[in-house]
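So you know, we letter chains A, B, ... as the sequences are listed, proteins then strands, and number each from 1.
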Amino acid sequence: MQHYRVGIDVGSTTIKIVVMDDDNDIVYKYYDRHYAKVRENAARLLADLKDLLAKSSLNVAVTGSAGLGMAKAAGLDFVQEVFATKIAVEFYHADVDTVIELGGEDAKILFLTGGTEERMNGSCAGGTGAFIDQMAALLGVSLAELDKLSLEHGTIYSIASRCGVFAKSDIQPLLNQGANKADIAASIYQAVVDQTVTGLAQGREIKGRVVFLGGPLTFQKGLGLRFKETLGLSDEDAIFPDNSEYYVALGAALYSGSLRQMDYSHIMSCINKAALAKNTVLSLPPLFSSKAEYAGFVERHSANNAKVIDIATYEGDAYLGIDAGSTTLKLVLASPDGGILYSFYKSNLGEPVQLVKEQLEKIYEMCGGRIKIKAAASTGYGEELIKNAFRLDGSLVETVAHYYAARFFDPQVDFILDIGGQDIKCFRVRNNAIDSIMLNEACSSGCGSFMETCAHTLGYSIEEFADMALYARHPVNLGSRCTVFMNSSIKQAQKDGAGIDDIAAGLAISVVKNALYKVIRINNPAELGSHIVVQGGTFLNDAILRSFELETGKQVTRPDIAGLMGAFGAALYAATFKTEKTSMLSYDELKRFTHTSRAAVCGGCTNNCKLTINRFGGSERYISGNRCERPLGKSSMSVLPNAYKFKLEKLLELKPLSGPLGRIGIPLGLNMYENLPFWHALLTHMGFEVVISGLSTRDLYSKGQHTIPSDTICYPAKLMHGHIMKLLDMGIDTIFYPCMPYNFDENLGDNHYNCPVVSYYPELLKANIKALDGTRFLYPYFNPGNRKNFTRSLCSFFTDRFNVSRKTVEHAVDKAYRAYRAYRADIEEYGRKALEFAKANGRLVILLSGRPYHIDPEINHGIDKLANSLGLVVLSEDCVSHYIDKFRTGVLNQWAFHSRLYAAAKFATLHDNVYPVQLVSFGCGLDAITSDEMRYILETGSRLYTQIKIDEISNLGAAKIRLRSLMAAVELSGGARHENQFAI
Amino acid sequence: MKTNLQYDKDGRILFTEEMKKEYTILMPMMLPIHFRLFKNILLRHGYKAVLLETDHPRIVDEGLQSVHNDTCYPALLVIGQLLDALKTRKYDINKTALIITQTGGGCRASNYIHLLRKALKRNGLGHIPVISFNIGGMEKNPGFKLSIGLIIQIVYAILYGDLLMLLANQTRPYEINKGETDRLVAEWTDRIGNKLRGSTILNNRSVRRDFDAIVSDFARIPVMMTQKIKVGVVGEIYMKYSPLGNNNLESFLLSEGVEVVVPGLMDFVLYCVDNAITDTKMYGMNRLKGSLAIPLKKYLEKLQNMLISSVKKEASFTAPSPFEHVKSLIKGYVGSGNKMGEGWLLTAEMLELIDAGVENIICTQPFGCLPNHIVGKGMIRKIRENHNNANIVAVDYDSGATRINQENRIKLMLSVAKLNMQKAAARSV
């Protein structure tokens, strides 16, 4: 009797099947998308094999991320997929050291030699096929085109691959600046490579012979090339095998050899049984219980339709609003009473200026002599560019534009939620001012495009998907978290046999839950207010609108122009101008209009802003991408106080002085930004030449990237790896970086801890940077908060080790405390002067409140300069915290740096012209506590709370929106007493 | 009828003596055996304690709605479980108090009680008193006093719990009559519970007698000693122990035919006491606490040794290592000054497992757990470097992480474990 081994690999999106004979030849292989119908498709594929298998004895093993449930239900044997890969690789290739496998949603790495280790991507989809798909869609090219483009690249840009949102915010500016698509394509691949090297390898170096597997690596040659180049692999050591997409299935087939033998009919009956079994899934109530209920719902919302006026017959005045978003362009021409004469909505394809020009020409043509455009205004990401290019009458920050539009539909609006394809914006309205803005900077879940992508993955259009959701009987509970988590929730639901309609409805509910609980973070629907306006293209989907109403238990207003509200708001804003005629380029001027742009890098400071220099026709020039006024040739603003700059300069003044004990290196990061003056004085007076690793840069980060063991830790901590590598590169053989669970006690809280990461990061560095083994890495525990104890520990640590006298140490300790006090005094004095300056000049003060290390320009991305350029005085939390005595907080106030935050918030409640903006590093666990408490302190004092999340990604757009909305709110409430006119 | 509330000088609602008589005290669950014993002790001391054994999804939703979603998952679950219970209307919300442990340290966990109070306020339940259970002297209440008698009973309960957990884990996978181990656990939990509840005075001698009896009872369970993969579970304390937190990790592992090895709670208690000593010695902090900790540590170690020697009387059981031995293992990895969260103990527990031949380890933590970045994930590379066969998987838990993902990662670890076992068997042949 013929004997075969069968491997079935059920992945996240595809199902693969291979049949192998006793000579290990592959007699059959097949691969298809399963569209969530795992069991049915498996049954179908096996049924197709009847002729081949019916009369044979068989071994079968199932594998794959979605295979576990099926194997269980069918009573077949399961082999974990990474393990299956290992079996296949070891079978087909000799002497392989590492395997890298990228799939649709999975990324895996296997180390086979030197201690077998297998790793899979855990909580993040960055660096997978799904990420590449998303990026190709953003560029508007197919995967094959992306691959071809990448082969022609010149330069490589740094793009974050962790989450689509981050990468988008890196890529969009590049596109807008006219960067070469080939370069971007290669940069996307490079991002995947970087993610694999750091996210997956986590401190283990990838070397030796490497086998590359999986769809993306099979079909996209450019990706393989990036890997080869980055890892420095020769042609021989980089193996791209045939059948690489079948390796997991082959591994399962090979594995099955050791299992029981079965006959075909038995297997078929097992699988058929599994295909029929309907599992119980955790389900939610349906969106609509009947068609009649849906009809009532549609009826109720149709009350919020905008008035449409026929432009062909209308005569009279009109106002134009342009919303130049980062990926789309929206345009509304409105009558003075808010009727819609014309609207336009389209992806800007990276060339917003050209598209606006065409639209304006078209509008002029339609207006003829009958319609007079009295004013035009722009908003959104490209508001200034468009305003300058077309000489518009004004522009306003997008939050305010949305407010204008929402107020039109509900004059009492107190809460606005805008969900677009990739962005969520929401804010409250209090006293006619915008308050508590929340944007999704860190995560793309909860956005509309996610649902769309899911629909496409499952083989449906978004419209079909939305329709199915409306009448689903048992919507699946998919939770509310990151996209990746949702993908695996969907996987689980599929495994459990949920139908597409239930998944679609579950997704709609998830999108809403994410927006509510992740981004807005409501506890209670009552907090949202009573007049809620929802907008953005995503809400045109009735399933999502309904989910929102069900989840919050509130009836909300959704205008039928939900997708155009920014542009509509800009038009309404233009209608407030008292102009007789718009200053916008005339039809004739438009015909002559030309636009060229060129990219440049500003050399003014270390931020190295990527500038775009736009020229419109003649000599008019508009520069974008700058953080400060320097490249514009203006200098008036640069005299505004900036404590971030001041503190940084103070630290960089600390120079090495040669001493008898030789060189000692200090990595400049984390708490060293606070304690450097202390350690510098201490070590210098003991006789060391203190060498500092210097400012962080992107290059420095990538140097240490491969030694980071935990990919979810904050960026400031990740940077420490680079600083250590830099010191090693400088030839420093003694490095000093003490563990400090306690900081200095400023008597602001119940204790004076550092956070767990700051406290013990040196121990992690020692355990993960191999190169430190040959170095004298000193990382003792010290508590400088207790001087007596500190001096004793210091003496016992240094006297014998370096042969210095007790006296010298004690003298150095004295100098150190003095130096630190002097440094603190300088900061406090600077703060005092800046506050005086602000008062005398009627300026607003922004308290950029974070941690000492947030002054690192690689961490703050130049937010301080941006604030200066907006005419704001910039202070840090520690410039003012000493004015406040310890007070009772709602949380345990036990971390030294965080006590300053609470004090700074308290200070702001006592000073009208001081506005705190909290800087929060992504991944900072403590800020889950501090941000709520800061908000509480401020809101109790009737003040605005503003937060900016920062990460390794430099995207100042969101920061700018927040700062400008904050200023708009201040302005509206009459809080600003300075002369400056802000473009709001 | 509402009781008149009394406040301390910071405005915290006090749990008064009057409340002790009238109020039901809700306790969140962590370690089933131990916490049932704790409940009995509280009952004996006149508190109307109720242990929450709920595990439905509503708990997570309550947590998500009332706690900052980036806060660690244990806080979300503990607070969610308490809020959920309050909302069932099973308890008179004007006659109910909550109790929660407070460790006091540089970790976020010290803030759970404050997050709980904030969550209560948000839900209009701000009038409910919250009792901090700690031995560090934080947040005193006139109606809830930790008498020496109560503390000693808790200590004994921890040991009883550790012993039952240890023996059950070593017996259950091999028992011939399914369910026999669990029945014995339940029987002993009842017996000890009654004892703790009744007036019997506990002393070392009677406890030692119990220990011996427990050990021989478990030894009598008929077993079939096949070779099974042993998997150690370490990590953040709540994730490690709580079935609600770790998606019933123990029963999943059992269903995979694995013997589960979980370090006892006493090690964590000793670690906390040891930290007070370190805090004085190394950092010059709180001298009084440090000096009280020294005799306390000696006392606890003596009791732990009592447990160890009882287990050793039966050759078929593997006894845990004494605390000082566990602590000595961290040399070359982290220092004993690393004392936030599980601190050095987490690294030590992984090393102790490997030392005892349990090379397959699951390191559990809430997503984004700060101390675990260093003492958990941060040390795995180094442990592997020194122990070729160490097979460690780090698993993150939070409200969005799905069970299938976690189980898939664990299955991978198990595949490697199986292979290692086969290789070892081949070598020994």
Determine the option with the most heavy-atom pairs under 4.5 angstrom with chain A, choosing from B:I380, B:L419, B:V375, B:L414. B:L419
Here the gap from A:T712 atom OG1 to B:Q365 atom CD, rounded to the nearest 0.5 Å, amounts to 8.0 Å
Most contacts with chain A, counted as non-hydrogen pairs under 4.5 angstrom, among B:G335, B:C72, B:G332: B:G335
Return yes when atom NZ of B:K121 has more than 12 non-hydrogen atoms of other residues, nucleotides or ligands closer than 6.0 Å, and no otherwise. no
Smallest separation among heavy atoms of A:P709 and B:G378, with atom names: CG-CA, 3.9 Å
By side-chain hydrogen bond (donor to acceptor under 3.5 Å, both in side chains) - contacts of A:E763 (at least two apart): A:Y781, B:N338
How long is the straight-line distance from CZ of A:F78 back to OG of B:S415, given to the nearest 0.5 Å? 8.0 Å
Nearest heavy-atom neighbours spanning B:R122 and A:D932: NH2-OD2, 3.6 Å
Which portion of A:Y760 sits near chain B, non-hydrogen atoms under 4.5 angstrom: both
Among A:D927, A:N783, A:L765, which has the most heavy-atom pairs under 4.5 Å with chain B? A:N783
Between B:L370, B:L412, B:N408, which has the largest tally of heavy atom pairs under 4.5 Å with chain A? B:L412
Examine whether an atom of B:S336 lies under 4.5 Å from a heavy atom of chain A, and if so say whether it belongs to the side chain, the backbone or both; otherwise answer neither. backbone
Crowding at OH, A:Y936 (>12 non-hydrogen neighbours, <6.0 Å): no
At a heavy-atom separation under 4.5 Å, does B:Q406 approach chain A through its side chain, its backbone, both, or neither? neither
Of all of A:E933, A:K766, A:K770, which one pairs up most often with chain B through heavy atoms under 4.5 Å apart? A:K770
About how many Å separate SG of A:C755 and CE of B:M340, when rounded to the nearest 0.5 Å? 7.5 Å
Between A:C714 and chain B, with a heavy-atom cut-off of 4.5 Å, which part of the residue counts as in contact: side chain, backbone, both or neither? neither
So, for A:S931 and B:H68, which heavy atoms are closest and what is the spacing to 0.1 Å? OG-NE2, 3.8 Å
Under 4.5 Å from any heavy atom of chain B - which part of A:H898: neither
Would you give the length of the straight line joining atom OG of A:S759 to atom CD1 of B:I374, rounded to the nearest 0.5 angstrom? 7.5 Å
The reported gap from OG1 in A:T63 to NZ in B:K411 (rounded to nearest 0.5 angstrom) is 10.5 Å
The interface call for B:K418 against chain A, heavy-atom contacts under 4.5 Å, is side chain
For residues 778-789 of chain A, which residue pairs qualify under salt bridge (charged side-chain N to carboxylate O under 4.0 Å, His left out), counting only residues two or more places apart or in two chains? A:R787-A:D814
Tell me which pairs pass side chain to side chain donor-acceptor pair (under 3.5 Å) where either residue lies in residues 105-114 of chain B, with sequence neighbours left out. none
Measure distances from A:Y255 to the heavy atoms of chain B and classify the residue's part below 4.5 Å as side chain, backbone, both or neither. side chain
Show the numbers, then the answer: is there a side-chain contact (heavy atoms from CB on, under 4.5 Å) between A:V891 and B:K118? CA-CA 9 Å; A:V891 293; B:K118 279 192 169 190; 3.9 Å; yes
Residue from B:M379, B:K382, B:M285 scoring the most non-hydrogen pairs under 4.5 Å with chain A is B:M285
Interchain contact, A:F790 with chain B, by part (heavy-atom threshold 4.5 Å): neither
Would you compute the distance between atom CG of A:D750 and atom CE of B:M138 and round it to the nearest 0.5 angstrom? 11.0 Å
Check whether B:L115 gets within reach of chain A through its side chain, its backbone, both or neither, counting any heavy atom under 4.5 Å. side chain
Which residues in residues 275-283 of chain B have a heavy atom less than 4.5 Å from any heavy atom of chain A? B:D279, B:T280, B:K281, B:M282, B:Y283
Over all atoms of both residues, closest heavy-atom pair of A:S710 and B:K377: OG-CD, 3.5 Å
